[in-house]
Every structure is written in structure tokens, then in C-alpha cells.
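Protein chains get the first letters and strands the later ones, always in sequence-line order, with residue 1 at the start of each.
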There are 2 protein chains.
Amino acid sequence: MTKDHKDDSLRIFSGYNLKRAFNAIQMDLNACLAQSGLRMITFSVLSIIDENPGIRQSGVAELLVIERPNMVVIIDELEQAMLIQRDRSEQDRRAYELRITDTGKTRLEQARQAVIQHEARMCKDIADSDIADMISTLRTIESNGLGRS
Amino acid sequence: MTKDHKDDSLRIFSGYNLKRAFNAIQMDLNACLAQSGLRMITFSVLSIIDENPGIRQSGVAELLVIERPNMVVIIDELEQAMLIQRDRSEQDRRAYELRITDTGKTRLEQARQAVIQHEARMCKDIADSDIADMISTLRTIESNGLGRS
DNA sequence: TATTGTTATACTCTATAACTATA
DNA sequence: TATAGTTATAGAGTATAACAATA
């Protein structure tokens, strides 16, 4: 006898629908990334390092909007798992240049396939063009939010 | 000289774009709700109680997917601010029936106007029909995530 | 003087187990 | 025995201040 309560007053807001959809994605994604020993955040950071060889910790932090102190433990975790390597920069000996290892590349590719399958599950019964339109709208929203930090 | 790093490998995923858009929304929304002394979660709970007079704490928790223990402090906060009242149920003396107060109604309406303005800011330069399409897609994604908890 | 990475710390959000009072 | 609300607590995730090494 679960009384059927309403949330119409919140459903009119895109933010409410965004949060609920993101919660659903997050739960499924974290479960499927766990098989690769990764979390959402470590998967993202590993992807960025793979795509930008030699990037610094502060570069990853800026790109993914993570505070530098919080970056440290993420990088530590990836390095201890031997998925990335930290090399002192020749030009600036304060900084590290981050690169993905061969082990990291294998693990990332495995995780990537899992994420692709996860996305297919979450986007079931939705046309590719509708997903593309949604992503376009989401990027405009993200862009509208910048410059107001 | 902020090197211009790439995140193309993540932009193909709807989840990544969803998270970034939600982060942008969350930051702006919390800032604009603070003027009403509310947060995202207390605004949502207050809206649900307004829309479902007499709803129980467990009903709100189920609807908004919040654990019951975490609900307690939220309800405490709203009651102490005199925005809602807790009445013992006549039929089941374990439960509370939650109702919004006149003060709560006024505060909610004020916050609602702020949220409407916030949504207009975040959705600037996006056609209403595109927002509606995005919400529809988001609801399908949310629905695809259910039944897999 | 500013910046990279670091440490310590704190605050929010979320999740679980166990209790109480009622049913 | 099961449920509504509660307490205590622990784990993420996130944010700020201050430091050492280097620029």
C-alpha cells in the first residue's frame, strides 16, 4: 500500500530531473567500474592522462574541476595501482608529468568497454539523435554556469 | 599560459556531460537558495510536503530516495525554522503527518521564484522545446536505471 | 612574490546497524 | 514479527589554510 505521492512541483525544473537521472547513472556506473577497480573519478582522471600525456596534476585538477589537495590522493591511488607514472618535469622541477602505463592502458580500455555498455543500458530506447541533442543542451547549460563562479 | 587540455574521450559519454552540467546547476542553485535560508535538499523536501499534505517522513524519503536516518535532520531543520509542522498520526501513532505552515508557504513561494529565475539563467539561449526534450530524455534514463538497484 | 604539490583538517552528503515505540 | 522514526557512526566527496620546494 505504498501511497502514490507526487513530485509534479519539482518535475518542471530541469535541475531536479538532472539530479535524479545523474543519481541513477552514478549508481550503475560505480557498480560497473568496480569490476576494473576504478571509481568514476579515477576513471575520469585516467582517461584525461591518457588523452593528455605529460599533463600536470594541476592541469587535471583544472580540467575536471577538482581541488588540488583532493587530486593528490587520486593520483596516489592510480600510481600505487601502477596505472600511471609520475615523472619530475625537466623544465619545472616542482611539477610532475603524468603518463599512463601499459597496465593503465589495458585497464582503461577494459573499463571503457564497461562504460560503453553501461551507457547503452542507461540510454536504452532513446534515439542516438536524442542523446546527441541532450548532450548539446547539457553543454550549453554547463557553459551558462561558467563565469558565475 | 593555461595549456589547453582535452577531454574529448569523456565528452562522448552522456554521464560526463550530465555531471558537469549538474555541478554548474548545483553551484548556482545553492547560492540562490541561500537567500531563502534553504538548500537544494530542504527546498525539495518542503516542495514535496506542500504538494502532499500529511505525507510521512518515510514517504518523503521514498519519493526523494533519501535514507530515513538522513531524513530526520532535514525534517528537524524545517520544523525548527517553523516551515513545517509534525503531527502524530491518529491512525498510526508511530508516524508523523507532515504539513507546511503559513510561514513555510511564504518561504517556499519566495524560493520557488528564485529557482525559476535560476533555471532561466542556466537555460539561457535554449529553446523551451529543447529543454522539454532534454527532460523527457532524462526521465527515460532515470527510468532505465530503476529495477537495477 | 607566485606556483606545484603536499599535509592537515573540516564540513557536507550519504549509508548502515541498532535502538524505541508502536503496530 | 514488522514498521516509523531515531541515534550513533562511518565513509565518501569536497573545501580551505598553511607549508616546503622551486620558479
* Take A:Arg11 and A:Asn17 through the test side chain to side chain donor-acceptor pair (under 3.5 Å) and record every step on the way to the result. => CA-CA 6 Å; A:Arg11 283 290 180 189; A:Asn17 293 283; 2.9 Å; yes
* To do: With side-chain contact (heavy atoms from CB on, under 4.5 Å) as the test, would you mind laying out the steps for A:Ile135 and A:Ile131 before giving the verdict?
  => CA-CA 6 Å; A:Ile135 289 179; A:Ile131 297 295; 4.1 Å; yes
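Following rounding to the nearest Å, B:Glu67 (CD) and D:dG11 (P) show an atom-to-atom distance of 17 Å. Here D:dT6 presents its C1' atom at 14 Å from CG of B:Leu98, a figure rounded to the nearest Å. Atoms CZ (A:Arg56) and C1' (D:dA23) sit 10 Å apart, rounded to a whole Å. One atom, CD of A:Glu62, and another, P of C:dG5, lie 12 Å apart when rounded to the nearest Å. For the pair B:Lys19 NZ and D:dA12 C1', the interatomic distance rounds to 12 Å; values are reported in whole Å. As a whole-Å value, the separation of A:Arg88 CZ from D:dA23 P is 9 Å. Atom CG of B:Asn23 and atom P of C:dC13 are 14 Å apart (whole Å). A straight line from CE of B:Met27 to C1' of D:dT14 spans 11 Å, rounded to a whole angstrom.
Heavy atoms of B:Arg86 sit under 4.0 angstrom from primed sugar atoms or phosphate atoms, though from no base atom.
Remark: the B:Arg93 side chain and the C:dT22 base include no donor-acceptor N/O pair separated by less than 3.5 Å.
Nearest-nucleotide assignment on DNA chain C puts the 5′-proximal partner with A:Asp92, out of A:Asp92 and B:Ile66. For the pair B:Glu97 and A:Met40, nearest-nucleotide mapping onto DNA chain D gives the more 5' position to B:Glu97.
Residue A:Ser58 places at least one side-chain N or O closer than 4.0 Å to OP1 or OP2 of C:dG5. Residue A:Ser89 places none of its side-chain N or O atoms closer than 4.0 Å to OP1 or OP2 of C:dT4. Between A:Gln26 and the phosphate of C:dT14, there is no side-chain N or O to OP1/OP2 separation shorter than 4.0 Å. For C:dA23, neither phosphate oxygen OP1 nor OP2 lies less than 4.0 angstrom from any side-chain nitrogen or oxygen of B:Gln91.
In terms of hydrophobic clustering, with Ile, Leu, Val, Met, Phe, Trp and Tyr side chains grouped at heavy-atom distances under 4.5 Å, B:Val65 and B:Phe43 are assigned to different clusters. Hydrophobic clustering places B:Ile12 together with A:Met134 (ILVMFWY residues linked when any side-chain heavy atoms are closer than 4.5 Å, directly or through intermediates).
A donor-acceptor pair under 3.5 Å is absent between the side-chain atoms of A:Ser136 and the main chain of A:Ala132, judged by distance alone.
Between B:Glu97 and B:Ser89, the shortest heavy-atom contact is OE2-OG, 3.6 Å.
A cation-pi geometry, defined here as NZ or CZ lying under 6.0 Å from the six-membered ring centre and within 45° of its normal, does not hold between A:Arg56 and A:Tyr96.
For the segment residues 68-78 of chain A, residues with any heavy atom less than 4.0 angstrom from an atom of DNA chain D are, sorted by number, A:Pro69, A:Asn70.
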